[in-house]
Structure formats: C-alpha cells, structure tokens
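Structure first, commentary second.
Below, chains carry the letters A, B, ... as their sequence lines are ordered, and counting in each starts from 1.
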Number of protein chains: 4
Amino acid sequence: MLNKVQLVGRLTKDPELKYLGNGTPVTNFTLAVNRTFKNKNGEREADFINIVVWRKQAENVAQYVGKGSQVAISGRIQSRSYENADEQRRYVTEVVAEEVHFLDSKRKKENYTDEHGNSFQDLYPLDGGEDDLPF
Amino acid sequence: MLNKVQLVGRLTKDPELKYLGNGTPVTNFTLAVNRTFKNKNGEREADFINIVVWRKQAENVAQYVGKGSQVAISGRIQSRSYENADEQRRYVTEVVAEEVHFLDSKRKKENYTDEHGNSFQDLYPLDGGEDDLPF
Amino acid sequence: MLNKVQLVGRLTKDPELKYLGNGTPVTNFTLAVNRTFKNKNGEREADFINIVVWRKQAENVAQYVGKGSQVAISGRIQSRSYENADEQRRYVTEVVAEEVHFLDSKRKKENYTDEHGNSFQDLYPLDGGEDDLPF
Amino acid sequence: MLNKVQLVGRLTKDPELKYLGNGTPVTNFTLAVNRTFKNKNGEREADFINIVVWRKQAENVAQYVGKGSQVAISGRIQSRSYENADEQRRYVTEVVAEEVHFLDSKRKKENYTDEHGNSFQDLYPLDGGEDDLPF
DNA sequence: TTTT
DNA sequence: TTTT
C-alpha cells in the first residue's frame, strides 16, 4: 500500500554515522521543515522530523552534509517500538529516506581539503553543480 | 518548505470525533499501511500511522468511514510535544490529513438507516459511486 | 533532483502489454483521475494521464488489472519526444510507474478460471486480500 | 481521487506572466529536473516539465524567480486539449503548481532596486532568508 | 479521445 | 534537545 513522503528542510545538527553489528551504515538526523503558514502569534514555526538513512547513502550524507544544510528527501513513514531503560514501551514515528538530494552549498568544514591537497570547493564547485555530488 | 505525505491504508478502529472548546471538530485514527516488502521471516508487516483530520472533513470521516475502511490520504507531517501525567515531555509525530479519499465500500454499520428510514445503501449506492460522497 | 508523483484512479481500458526487441516487457494505459472540485457548470471532470510500466510489474498489471480497475500509482514524470509519421516532432509527458497497488476487486473476466480449474476468486479472495497479489 | 506531484528543479527561462480576460494572473514556465540515474551513454539527462501557476503566486513567481532559479513545487497533473492553428486537436499534460518554494538566491537582475532606492538584497538578504519571501 |  |  502507498506510503510516500517528500520533504525539503535543513538539518538541525551534523548527522551521526553508526555501523550496525553486521557492518551496515546508518545515519540519523533531525530535519527542520519551516511551516508555510504562521501561528496565532504571527510566528512561523517548524516541524522537527527524525530521518534515518541506510547504506551507501548514509555514508554520503554523513560526509557531505552538515548542520544547516538544505536537503530534499523522499522516503516513507515508519512506525517502530522499543523498550526504554525503565522497561517501558516507546513508540517512534520517523521517515526512512530513500533519496537525499543536496540543495545548497553548506558543507562540513572538516572536508574542505582532501587527501590530495585539493580543497573541497575545487572538487565540487558551488556554481550550481551541487547535483553532481554522488547522492 | 515542502512537507508532503501520501498514504493508502485501512483504519484500525472507528475514528473518534471530538470538538474543541471553540467548537472546531477533530478526528483521530490510526492508519495501517501494509509494507510492500517482507521482513527476514518472510512476513509482511505494517506501519501504524496516527492521523488527525480537522473541520468539516473530520465530521465526514467520523460519519462515513469505519474500522477496516480503505482510504487514501494526503497531508503533512507534524511534530508536537506535550506534558504527560508524570510531567514528562512527550514528542509526537503524526500526519495532518488535508484530503481523505474513500476507496471502498466498508461503512459503519450504525449508519445503515438514517432519520428518514432510508438505508445507507440507498443514499450512497456501492456500485462505484464512492467518489460522490462529500469528501 | 526530486521528481515524484502519486495517483489514485481507474484504467480507461485494458492495458496493452508489449515486448521490446530485447525482450523487456512494457505496459501502457491511461488513468482517469477524478478531480475533487467541480467546474463552473457544477460537473466533476477527470484528468487522463498516460502511464508506462516496465518489467515484471508490467506483466502483473497486464494480467490482473483491467478497464475500470482502481489502482494507486507512485512514480515520476517523464518528458519524451519522438517523430511522427509526418516527420513532425511530438512531445509527450507521461508517468513512469514505480509502484502499482491494486485497490479493488474488478479483474479481467478472461482470468476467472486458471489452468487447474480454480476460479480467480478462489485464488485471490475479494475480502481485503487484494494486497497479497504479486505487485 | 489522489493526484499529487512534487518536484525540485530549475527554470529553463524567465517565467512569462499573463492576465486572463477577467484579470486573473497566470504564469507558465518549464522546469528542468535532472534525473538521478544516467543513460546508456553515462549521461545524466533531464525531464522538462511544463508548469502553470495561478493568481497571487503567479505574480510572486514572475517577480522573484528567473531563469536558472531552483524551486520546489507541489501540485497536481492536469490533462488538457485545445485546437491548434491547423484545426488539429492537441493534448497537453502539465503540472498545476499549488505551492512554489524558493530554494536559492538567483533572482532577476531587473529587480535589484525598488521604488525606495533599496536594493533587492537589502530587502531580501541572501543568507538563508529565502523562506521569508511572500510565497 | 476515455474510467466509476 | 532543535534549522535558516
């Protein structure tokens, strides 16, 4: 049955990359999606949506995307439950990303120079070439 | 920023209709969306997604849709927090439905006769006329 | 970059199954999607959208889905051009289906009995089991 | 019935703003959406999708968005037919935009100074404030 | 050149 | 616990 999500927003933090016991990479982050309408106080709020990315794409995201980066995501909603430290069942709703597209030029500072001494900007120029990244 | 969801699934229960202090109608229900792939045990699981519907559409849903009904929903993901009885902050992720489309003919039994003695089927015949309902 | 479509509608005809020179199966059909709003004359119109399905899914669709069947589709918009008989360039916009979900029980009449003498209904009972079809 | 589209791409030209006989504003443009996969020759192609925007949003788009601008669009697919100069019926498939979100800082040059002598950048600074535009 |  |  149909289960589809499309989001455009900004990461609230640098994503965390982990590896499962079997070596599968996973990345988690929160996406802030600003609402288009304002609330009663005239403020524009945001929705904070938890995102999970798997495998190769998880590594790409962890490497090239940081706090404040703007991304477009498509995926599906997943509901999951787990037991917390107090042995209480907790229910989680999150988005499993199937595609992550890079929409701007904010990149992690640590990556600005690679192993050949090329700056990040040389490799991935900022003039609209964002879509040439390996996402 | 973009925040869109599209789902097709079945209600796990009859929806609950409530009215806010100011008279605004709200309906809540859980949608079971079967996954298209199977898990390691060869079973097909489902995601259980909380849906909120507002206003006139809430009343329509509460009236015509019941446990087991198949619906198509489009809307947006909303994150919300509240304080529970133990004064702990709880975080909720749910889908606010903007459109609810009726896809089958399972309707609430209690509605099969209206105040004029007409059966539900007379008013809303099942032969494909589902889309003529006021949704 | 993001390119996503989700549709629920009915086939205007039985789908046509073809095989490319290399053996790849393709199916084409038109989906009628009723609009939710009415036009100035109070009539509800429909959009007629051309759908292309590839590979195994094309064969499933051609086998189990017919004129009038209700389906949910997710996919992407594709633009294509070709030269017609008069050597004029024609531009086509269509939806390439990535998923096709079966939403009702209208099936092709010719398939109601299989090679073991079982009726189609025996194999695929209509009580909500539509999702067990191989789509 | 469900009919939803979400796109992220770049305008191939400056949009054209027209006004219908009754004064309703309409804007048309083509959106280039790069494909994520490459073709047999290892090239990444694009889909060129015709977009229609109505009313206030049409005026905003025509004013602030230009050739090369990156936008996120949500809307629906529309099929339409008309008679061309040769009295032949032509069929058109296009996307009617319901939301247009501004994703970058490429703006039309002509608008860089307003009637109070403020440059466009003063009014709409480029540092992430794109979402404060009246879209 | 259309579905229910 | 939140981004621009």
Side-chain angles (χ1 to χ4, degrees), chain A residues 7-16 28-36 43-51 65-73 103-106, chain B residues 1-3 72 79-81 88-91 93 101-105 124-133, chain C residues 7-16 28-36 43-51 65-73 103-106 108, chain D residues 1-3 72 79-83 88-93 101-105 124-133:
Chain A
L7 302 169
V8 173
R10 310 190 101 102
L11 304 228
T12 61
K13 294 203 191 127
D14 285 358
E16 285 176 59
N28 290 277
F29 59 86
T30 297
L31 195 73
V33 182
N34 293 323
R35 296 186 180 160
T36 48
E43 307 155 344
R44 195 133 45 97
E45 297 171 350
D47 290 292
F48 296 95
I49 303 173
N50 293 320
I51 312 287
V65 147
K67 176 177 176 173
S69 292
Q70 189 174 231
V71 296
I73 285 176
L103 298 179
D104 64 9
S105 42
K106 287 189 189 84
Chain B
M1 281 155 126
L2 199 75
N3 180 345
S79 63
R80 216 164 31 88
S81 74
Q88 290 180 301
R89 196 124 284 263
R90 289 269 145 272
Y91 296 88
T93 300
H101 300 273
F102 219 24
L103 299 179
D104 64 9
S105 41
Y124 299 116
L126 300 183
D127 52 28
E130 292 87 351
D131 282 307
D132 295 327
L133 283 176
Chain C
L7 302 169
V8 174
R10 309 190 101 103
L11 304 228
T12 63
K13 293 204 193 127
D14 284 358
E16 285 176 61
N28 290 277
F29 58 86
T30 297
L31 196 72
V33 182
N34 292 324
R35 297 186 179 159
T36 48
E43 306 156 343
R44 195 133 46 95
E45 296 171 350
D47 291 291
F48 296 93
I49 303 172
N50 294 320
I51 311 287
V65 147
K67 174 175 177 175
S69 292
Q70 190 175 228
V71 296
I73 285 174
L103 298 180
D104 65 9
S105 40
K106 288 189 188 83
K108 302 181 75 171
Chain D
M1 277 154 128
L2 199 76
N3 180 344
S79 62
R80 215 166 31 88
S81 74
Y82 65 94
E83 209 139 282
Q88 290 180 301
R89 195 124 284 262
R90 289 269 146 275
Y91 295 88
V92 181
T93 301
H101 300 273
F102 219 23
L103 298 179
D104 64 8
S105 42
Y124 300 115
L126 301 183
D127 52 26
E130 292 88 349
D131 282 306
D132 296 328
L133 282 175

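A donor-acceptor pair under 3.5 Å links the side-chain atoms of Asp104(C) to the main chain of Gln70(C), judged by distance alone.
Residues forming a side-chain hydrogen bond (donor to acceptor under 3.5 Å, both in side chains) with Ser79(B) (at least two apart in sequence, or on another chain): none. Residues forming a side-chain hydrogen bond (donor to acceptor under 3.5 Å, both in side chains) with Arg80(B) (at least two apart in sequence, or on another chain): Glu94(B).
As rounded to whole Å, 16 Å separates atom P of dT4(E) from atom CG of Leu103(B). Atoms CZ (Arg44(A)) and C1' (dT3(F)) sit 12 Å apart, rounded to a whole Å. Following rounding to the nearest Å, Phe48(C) (CZ) and dT1(E) (P) show an atom-to-atom distance of 10 Å. Whole-Å rounding puts the Glu16(A) CD to dT2(F) P distance at 16 Å. The nearest whole Å value for the distance from the NZ atom in Lys13(C) to the P atom in dT2(E) is 9 Å. Put simply, CG on Leu7(A) is 16 Å from C1' on dT4(F), counting in whole angstrom units. Nucleotide dT1(F) holds its C1' atom 11 Å from the CG atom of Asn50(A), rounded to whole Å. Rounded to whole angstrom, the span from the CG atom of Leu2(D) across to the P atom of dT4(E) amounts to 20 Å.
For Thr30(A), counting side-chain heavy atoms from C-beta on, the closest listed nucleotide (dT2(F), dT4(E), dT1(F)) is dT2(F). Of the candidates dT3(E), dT2(E), dT3(F), the closest approach to any side-chain atom of Ala46(A) belongs to dT3(F). Checking dT4(E), dT2(E), dT2(F) against every side-chain atom of Thr12(C), the shortest atom distance belongs to dT2(E). With dT3(E), dT3(F), dT2(F) as the choices, the nucleotide that has an atom nearest any side-chain atom of Lys67(C) turns out to be dT3(E).
Side-chain contact between Asn28(C) and Ile51(C) is absent, with no heavy atoms from C-beta onward closer than 4.5 Å.
Under 3.5 Å, the side chain of Tyr91(B) and the base of dT1(F) form no donor-acceptor pair of N or O atoms.
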